[in-house]
Each structure stands twice: as structure tokens, then as C-alpha cells.
Novice: 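Here it is, the structure, as C-alpha cells.
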Amino acid sequence: MSVRVRFAPSPTGYLHVGGLRTALYNYLFARHHGGKCILRIEDTDRTRFVENAQENLISSLSWAGIEFDESPDKGGDFGPYIQSERFDLYRKYAQELIENGNAYYAFDTAEELDAMRERQQKAGVAPKYDRSVMRNQYTLGPEETENLFKANAPFVVRLKVPLTGEIRFSDIIRGEVVVNGRDVDDQILLKSDGFPTYHLANVVDDHLMQISHVIRGEEWLPSTPKHVLLYDAFGWERPKFAHLPLLLNKDKTKLSKRQGSVAVEDYAGKGYFKEAFVNFIALLGWNPTADREIFSMQELIEFFSLEKVNKAGAVFDTQKLDWMNSQYLRALDLNDLAVRFKPLADEAGFSGFDNDYLAKVIGLLRERVNLLIEIPVFGNYMFEKPKEYDEAYVLKHWKDTTLELVKPLVELFKNAPNFEHQTTHDITMAYVESQGLKLKDVIHPLRLMITGKSVGAGMFETMEVLGKDECIERFNIFIDKKEKGEI
RNA sequence: GGUCCCAUCGACUAACGGUUAGGUCACCAGCCUUUCACGCUGGCAGUAGGGGUUCGAAUCCCCUUGGGAUCACCA
């Protein structure tokens with residue numbers, strides 16, 4: 001059997017990180033097995049439709065590097081891939097179930113259903129559609145049912161769940177799951193507006209699109225018995241199921257908006273590399289080996305297997321994501337990083353620097369930050385002259401004698417044959433030794449004059465990237481201010 | 001509450017009956033040093049509890065406890 005899987009989001013907003021992981025696992029599984037990965041939009045609920053949500057979803061998915069073989073954009077042999085364009089189908093299949101006795105018409109109003117649930121709650125039983133007393137084709141009889149149709153009474157189609165016996169199915173991740181038929185509700189398949197519910201549309205489409213493996217979040221586990229019943233009722237072969245463990249908040253509840261960002265686009269916006277984010281997400285609930293953390297998409301594909309997916313939920317804790325991002329920051333090509341950094345620099349107000357310079361700055365600072373986006377803040381002095389000088393740092397390292405100590409050194413720098421870090425280092429070293437001092441006696445004052453800050457990359461490397469003219473200018477500005485007593 | 005799922009360091013996880021229970025992040029200490037980092041070395045820290053099965057259990061079974069998901073004409 002050829003592998004065909006699908007990611008089937010609802011267009012209700014942005015792509016959730018849990019959704020991204022589900023999509024990713026589907027993608028990895030498909031690619032690993034040389035199968036097809038399909039994107040299907042499940043928009044059967046008109047009330048939850050959000051403008052541009054579909055575009056948003058697709059752009060987040062593509063940012064992450066997840067490509068689909070068949071999708072609304074791309075088309076394919078099993079389209080359309082948007083459920084709202086497939087409505088006729090669902091009605092037809094609902095009809096088929098009515099005819100073979102696996103589904104039935106019901107005419108209850110919302111009020112009647114509420115009343116039923118209230119009664120059941122009072123009686124202390126689980127709320128469940130009671131087809132022996134409610135208004136449906138069984139209690140009403142053929143004649144009355146016919147009359148209601150003639151009167152255009154609103155109706156729904158419900159799944160006829162066997163009252164006795166067990167429903168069982170096997171899940172690749174969880175093994176055998178068994179539920180009693182009496183515990184399964186007569187799910188509405190076709191709503192009174194004629195639209196299908198998720199359950200019907202999902203099963204029909206998965207069958208028609210020849211989906212071999214249904215890989216989805218654990219929240220779907222409780223409704224899987226209904227889906228299994230539907231496959232059986234149609235006489236269709238069931239796909240293999242794999243219910244993924246949930247992504248969790250710190251308090252172990254299902255990952256939600258309340259406790260932090262859950263939109264994939266937010267993480268892209270925060271400056272995380274897609275490579276790091278995908279790497280991180282992939283390792284939440286699955287691990288190919290014990291002694292490795294960094295994997296490229298190709299490697300994830302190569303190693304992926306559903307059998308190694310965990311059963312327990314995983315807390316989405318971004319601490320490790322930060323570290324992972326820093327690993328990519330150090331490993332990625334500097335020119336490539338410069339291209340990615342350019343817009344971030346522009347946004348920070350540091351425009352007009354060429355990629356060559358940006359690459360050098362990144363090379364200088366990449367080991368000191370986790371995210372590229374931190375560079376304009378951490379290393380602002382690489383793009384602008386210091387606006388202020390760290391007071392505590394001045395106090396600690398600028399003595400009364402420092403000014404006279406530094407001035408001759410600046411002269412030596414002016415006459416330096418070049419400004420490579422080795423050269424300035426050697427000049428400084430020789431000077432310092434001639435004064436009977438140590439390197440650090442002068443390094444801190446230099447850092448202060450050049451950057452205004454107490455932290456940064458290696459001093460001579462920093463000076464090399466900034467260049468001779470810029471450095472001399474900064475020395476002079478500082479010395480001038482110092483002499484005027486402004487600092 | 002009913003049903004279902006789950007349970008290894010604070011977090012992510014390894015172990016598929018035999019290991020001093022391993023790795024990574026975070027945290028702590030030391031080394032390195034030109035500040036901050038990186039790096040290196042070391043440390044802290046875990047099988048929820050109780051019963052079985054077995055020569056031997058984190059691993060298999062049962063119970064308890066705890067957590068979660070789900071119970072709509074949402075998906």
C-alpha cells in the first residue's frame with residue numbers, strides 16, 4: 001500500500017505550534033516512505049471562518065519548509081482540497097448511510113436537546129442522544145417523518161451507533177483501544193444547514209483521497225470510534241491511525257494562547273530560525289537517538305518513524321529552543337546570515353550597511369547571542385557611535401591616569417600600517433609592556449571608548465571590523481568629552 | 001461526573017527483562033580569559049506509590065494516586 005497522509009487544518013486563524021508539529025510528522029512520515037503528503041482545508045463550519053486564515057496557514061507551513069504534493073494551491077488528482085467545495089459529496093454519502101441503515105433522520109430542536117441533557121444530568125447519567133425517546137425517524141414512524149419532510153422541517157442525520165458490543169481499533173502509537181458502543185454518542189453527520197460535520201467530511205475525504213495513515217493530535221482519540229464506525233458502515237477499509245501526544249503548557253494542560261505564544265508566525269517574528277524551530281518541534285514527542293540534538297530536515301526525514309513517537313505529552317518549553325537557535329546561529333553560513341539579518345537591521349534603524357559588513361558583525365557577535373534579532377541591541381555600537389558610556393564601567397576602569405596613558409596609544413594606532421586585530425594587538429602589547437603594565441589595564445578603557453559598554457566581542461577583533469577611521473574618531477570623541485569633563 | 005489516554009531528573013528524552021538509570025537544555029562550581037560569551041572539566045537532579053510475575057522489573061500484569069484529553073448541529 002502506498003503511503004498517503006494529510007494535514008487537515010481549519011482556517012480559523014494562524015497556524016498553532018501543535019498544528020505545525022502534526023503537519024511536520026505527517027510530512028516526515030510521507031517523505032520517509034516515499035509517499036504523498038496532502039493539505040486539505042476543513043472549512044465545514046461557516047461560523048468560524050476567518051478571512052485570510054488559509055493563506056496564513058499556508059505561509060507558515062511553507063516558512064517551516066513543509067511542502068505538500070497535493071493542496072488547494074497545487075491541485076492534484078483527488079481534489080478539490082477545500083471541503084466547502086465538496087459539499088455535494090457529503091450529502092450523497094449521508095444518504096447512502098440512511099439507506100443501508102447506519103444513519104437516521106432526527107428533528108429535535110436545540111431546546112429539546114438541551115432539555116434532554118438536563119434530564120440526563122439530573123438523573124446522573126452521561127449526556128447522550130437517546131434515540132428511543134427523541135424526535136427521530138424511529139420514534140416518529142415513516143408516515144410522520146414523511147410529513148415533516150413535506151413541511152420542510154429542519155432535520156439532521158445522525159450516526160446509528162450500536163447500543164451493545166465493543167468498538168475497537170488499533171493505533172500505531174497507543175496500541176489497541178476499546179470502547180463500548182453504549183458510551184458512544186449518535187454523532188450528527190449532516191447538520192440542519194445541510195453541511196457535514198467534521199466527522200463525516202473527514203472520513204469521506206480520507207477515503208476518497210486514499211489516505212493510508214491518519215496522523216493527528218491526541219484530542220481526536222475520543223472521536224475515533226465514531227470514525228471507525230463510519231468506515232465500517234460504508235464498507236471501506238480503515239486507514240491506520242496514529243494519535244500524537246499533545247504539546248503542553250508549563251502546567252501540563254493542552255498548549256494554549258493564554259500561557260504564551262502559540263502561533264508559528266510569532267516565533268518566526270521573534271527571530272527564530274525556521275531550521276531551529278523545526279528541529280525543536282520535531283524533538284517534542286519523538287527522538288531518533290539518545291546522543292544527538294541537531295538534525296536537518298533531511299536527517300529528520302531519514303530517521304523518522306511513528307513507532308518511536310512517545311505516548312506522553314511534551315511541555316513546550318522554549319529554553320531549549322533558544323539554545324538550539326544559538327547552535328544554528330553558529331553553524332549557518334555568514335553570508336546567508338547577513339541576508340537574513342538585513343531586514344532585522346533595517347527594522348532596528350541600522351540601514352545602509354552592506355552584506356559584507358553585516359557578515360563580519362555577525363561573525364563577531366554570533367557566539368554571544370541566541371537570536372540574530374538580538375544583535376542590533378547587544379551590538380548596537382557596531383552600527384552607531386556610542387550615545388552614552390556605561391557609568392559603572394567608567395568608574396571601575398577609568399582612573400585619573402588613564403587619559404594620559406591612552407593618548408599615546410591612540411597616536412600609535414593612527415600610525416598603524418593596518419588595522420588587523422593581530423597588528424593592533426601587537427602594538428598595544430608592546431606599548432603596555434613599555435609602560436610596565438598589563439594588557440587589561442588598557443583594554444577596558446579601549447572598550448569603553450569604542451563601544452561604551454562593558455560587554456562585547458574581542459576588543460581587537462571589534463576594532464578591526466569597525467575600521468581604523470571609525471575607531472580613531474571614537475577615541476577622539478571620548479577623549480574630547482573626557483577633557484571637557486562631560487563624562 | 002462518564003469514557004478514553006498517559007506517568008523516567010525542573011524541561012526534552014535514552015533504556016525495547018540484566019546499565020553505577022545515559023544524553024541535551026536550564027542551574028551550580030572550577031578552568032580558560034580581554035569584559036561578556038564560547039569552549040573544557042566537574043556537580044546537582046529522576047523511574048509517582050503499593051502489590052504481583054521473574055533468578056533478575058524503569059521495562060510485563062493488577063490496584064492506587066496523579067495528570068491530561070474528550071463528552072456541541074466546533075474542528
Side-chain angles (χ1 to χ4, degrees), chain A residues 8-12 42-45 47-48 106 108-110 113-114 117 120-121 124-128 154-158 171 173-175 177-180 182-185 187-199 201-202 216-225 243 245-246 248 250-254 280 283-294 307-308 310-324 326 330 365-369 378 390 393 396-397 425 428 438-444 446-448 451 453-461:
Chain A
S10 284
T12 54
E42 309 222 328
D43 58 345
T44 52
D45 185 3
T47 62
R48 296 212 310 169
D108 316 277
T109 63
L113 291 169
D114 286 344
R117 289 190 194 103
Q120 291 168 329
Q121 197 165 4
V125 295
K128 191 188 156 204
F155 69 90
V156 299
V157 173
R158 282 182 183 269
D171 185 285
I173 294 167
R174 278 146 224 289
V177 179
V178 185
V179 212
N180 282 309
R182 77 174 105 89
D183 292 323
V184 178
D185 205 2
Q187 182 62 49
I188 289 185
L189 301 175
L190 212 57
K191 302 182 243 182
S192 57
D193 61 6
F195 287 22
T197 56
Y198 166 87
H199 308 279
N202 188 266
R216 76 223 310 190
E218 193 189 341
E219 68 267 29
W220 292 108
L221 200 53
S223 50
T224 305
H243 287 93
L246 260 18
L248 273 22
K250 282 205 191 349
D251 67 1
K252 305 266 187 186
T253 54
K254 186 164 124 179
F280 175 68
L283 264 31
L284 249 30
W286 170 75
N287 213 297
T289 164
D291 51 14
R292 232 185 110 175
E293 303 288 336
I294 305 298
E307 284 71 23
K308 295 208 81 176
N310 291 143
K311 292 183 179 69
V315 172
F316 182 76
D317 180 352
T318 55
Q319 216 161 37
K320 197 164 182 175
L321 170 61
D322 288 337
W323 169 80
M324 217 169 243
S326 77
R330 279 164 216 177
L365 301 175
R366 78 209 301 197
E367 284 185 359
R368 270 147 249 261
V369 294
F378 183 87
D390 187 310
Y393 197 48
K396 188 169 180 195
H397 293 286
H425 171 271
T428 309
K438 291 194 170 146
L439 196 56
K440 64 179 169 189
D441 292 324
V442 79
I443 282 236
H444 293 292
L446 288 181
R447 181 179 300 286
L448 185 60
T451 74
K453 288 183 168 183
S454 62
V455 298
M459 200 55 243
F460 301 109
E461 286 81 358

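Reminder, nothing fancy here: chain letters follow the sequence lines and each chain counts from 1. Please read all numbers here as calculations on a predicted model, not as lab measurements.
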Novice: Of the nucleotides B/A69, B/A75, B/A26, which one has an atom closest to the side chain of A/Trp323?
Specialist: B/A26
Novice: Can you name the closest pair of heavy atoms from A/Thr197 and A/Lys191 and give their distance?
Specialist: CG2-CG, 3.8 Å
Novice: Give one of base, sugar-phosphate or nothing for A/Ala457, where a contact means two heavy atoms less than 4.0 Å apart.
Specialist: base
Novice: Less than 4.0 angstrom from a charged side-chain N to a carboxylate O is my criterion; do A/Asp114 and A/Arg117 meet it?
Specialist: yes
Novice: Students often get this wrong, so: under 4.0 angstrom with heavy atoms, is A/Val178 touching a base, only sugar-phosphate, or nothing?
Specialist: sugar-phosphate
Novice: Suppose we define a pair by two distances each less than 3.5 Å, Watson-Crick or G-U wobble; what does B/U19 pair with here?
Specialist: none
Novice: Among A/Lys311, A/Arg174, A/Glu219, A/Arg216, which residue satisfies the side chain to side chain donor-acceptor pair (under 3.5 Å) criterion with A/His243?
Specialist: A/Arg216
Novice: Check the distance between B/A69's C1' and A/Asp171's CG and give it to me in whole angstrom.
Specialist: 14 Å
Novice: Can you figure out which of B/A75, B/U35, B/C73 approaches the side chain of A/Thr44 most closely?
Specialist: B/A75
Novice: Give a yes or no on whether a donor-acceptor pair under 3.5 Å exists between the nucleobase atoms of B/U34, that is its base, and the side chain of A/Arg447.
Specialist: yes
Novice: Among B/A75, B/C73, B/G10, which nucleotide sits nearest the side chain of A/Ile188?
Specialist: B/C73
Novice: When you compare B/G30 with B/C6, how far apart are their C1' atoms, in angstrom units rounded to a whole number?
Specialist: 41 Å
Novice: Could you check which of B/C73, B/G10, B/U34 has an atom nearest any side-chain atom of A/Arg117?
Specialist: B/C73
Novice: Under 4.0 Å, heavy atoms only, any strand: does A/Arg330 hit a base, just the sugar-phosphate, or nothing?
Specialist: sugar-phosphate
Novice: Scan every strand shown for a Watson-Crick or G-U wobble partner of B/U41, both distances under 3.5 Å, and answer none if you come up empty.
Specialist: B/A29
Novice: Quick one: does A/Arg368 reach the base of B/C36 with a side-chain donor-acceptor pair under 3.5 Å?
Specialist: yes
Novice: Remember a base hit wins even if backbone is also touched, and classify A/Val177 as base, sugar-phosphate or nothing at under 4.0 Å, heavy atoms.
Specialist: sugar-phosphate
Novice: Going by purine N1 to pyrimidine N3 plus the second Watson-Crick contact, or the G-U wobble pair, all under 3.5 Å, which nucleotide sits opposite B/U65?
Specialist: B/A7
Novice: When rounded to the nearest Å, what value does the distance between P atoms of B/C28 and B/A21 take?
Specialist: 28 Å
Novice: For B/U13 and B/U47, measure between their C1' atoms and round to the nearest Å.
Specialist: 13 Å
Novice: Would you say the base of B/C6 and the side-chain of A/Lys311 have a donor-acceptor pair closer than 3.5 Å?
Specialist: no
Novice: C1' atom, B/G50 versus B/A58: distance in rounded Å?
Specialist: 16 Å
Novice: Return whichever of A/Leu439 or A/Val315 has its heavy-atom-nearest nucleotide of RNA chain B closer to the 5' end.
Specialist: A/Val315
Novice: Parallel, tilted or perpendicular: which one describes the rings of A/Trp220 and A/Tyr198, with boundaries at 30° and 60°?
Specialist: parallel
Novice: If pairing requires Watson-Crick or G-U wobble contacts with both distances under 3.5 Å, which nucleotide is the partner of B/C36?
Specialist: none
Novice: For the side chain of A/Leu221, starting at C-beta, report the closest nucleotide among B/A69, B/C5, B/C73.
Specialist: B/C5
Novice: Roughly how many Å is it from NZ in A/Lys250 to C1' in B/A26, rounded to a whole number?
Specialist: 11 Å
Novice: Want to settle it: does A/Ile173 or A/Asp251 sit nearer the 5' end of RNA chain B, counting the closest nucleotide to each?
Specialist: A/Ile173
Novice: In whole Å, I'd like the distance from the CE atom of A/Met324 to the C1' atom of B/A11.
Specialist: 12 Å
Novice: Considering only the P atoms, how many Å lie between B/A48 and B/G43, rounded to the nearest integer?
Specialist: 24 Å
Novice: Output the single nucleotide from B/U34, B/G1, B/C25 whose closest atom is nearest the side chain of A/Met459.
Specialist: B/U34
Novice: With a non-hydrogen cut-off below 4.0 angstrom, is A/Asp185 in contact with a base, only sugar-phosphate, or nothing?
Specialist: nothing
Novice: Measuring from atom CD1 of A/Ile443 to atom NZ of A/Lys440, what distance do you get when rounded to the nearest 0.5 angstrom?
Specialist: 11.0 Å
Novice: Suppose you measure atom C1' in B/C27 against the same atom in B/G46; what distance do you get, rounded to whole Å?
Specialist: 16 Å
Novice: Is there a Watson-Crick or G-U wobble partner for B/U70 with both distances under 3.5 Å, and if so, which one is it?
Specialist: B/G2
Novice: Just compare B/C25, B/C6, B/A69 and give me whichever is closest to any side-chain atom of A/Ala312.
Specialist: B/C6
Novice: Base, sugar-phosphate or nothing for A/Thr289? Non-hydrogen atoms, less than 4.0 Å.
Specialist: nothing
Novice: Quote, to the nearest angstrom, the C1' distance that separates B/C4 from B/U8.
Specialist: 24 Å
Novice: Using the C1' atom as the point on both nucleotides, what is the distance between B/G52 and B/C16, in whole Å?
Specialist: 22 Å
Novice: Regarding A/Ser454, tell me which of base, sugar-phosphate or nothing describes its non-hydrogen contacts under 4.0 Å with the strands shown.
Specialist: base
Novice: Nearest to the side chain of A/Glu219, which nucleotide is it out of B/U70, B/U3, B/C12?
Specialist: B/U70
Novice: Mind checking A/Gly217 for me? I need base, sugar-phosphate or nothing, with any heavy atom below 4.0 Å counting as a touch.
Specialist: nothing
Novice: Which is true for A/Asp441 with a 4.0 Å heavy-atom rule: it touches a base, it touches only sugar-phosphate, or it touches nothing?
Specialist: nothing
Novice: Counting heavy atoms from C-beta on, name the nucleotide in B/G2, B/U34, B/A75 closest to the side chain of A/Ser10.
Specialist: B/A75
Novice: Would you indicate which nucleotide in B/C12, B/U3, B/G23 comes nearest to any side-chain atom of A/Leu284?
Specialist: B/C12
Novice: Which atoms form the tightest heavy-atom contact between A/Thr318 and A/Phe280, and what is the distance?
Specialist: CA-CZ, 4.4 Å
Novice: Could you label the plane-to-plane angle of the A/His444 and A/His397 rings as parallel, tilted or perpendicular, counting under 30° as parallel and over 60° as perpendicular?
Specialist: parallel
Novice: Pairing check on B/U59: which nucleotide meets the Watson-Crick or G-U wobble criteria with it, both distances under 3.5 Å?
Specialist: none
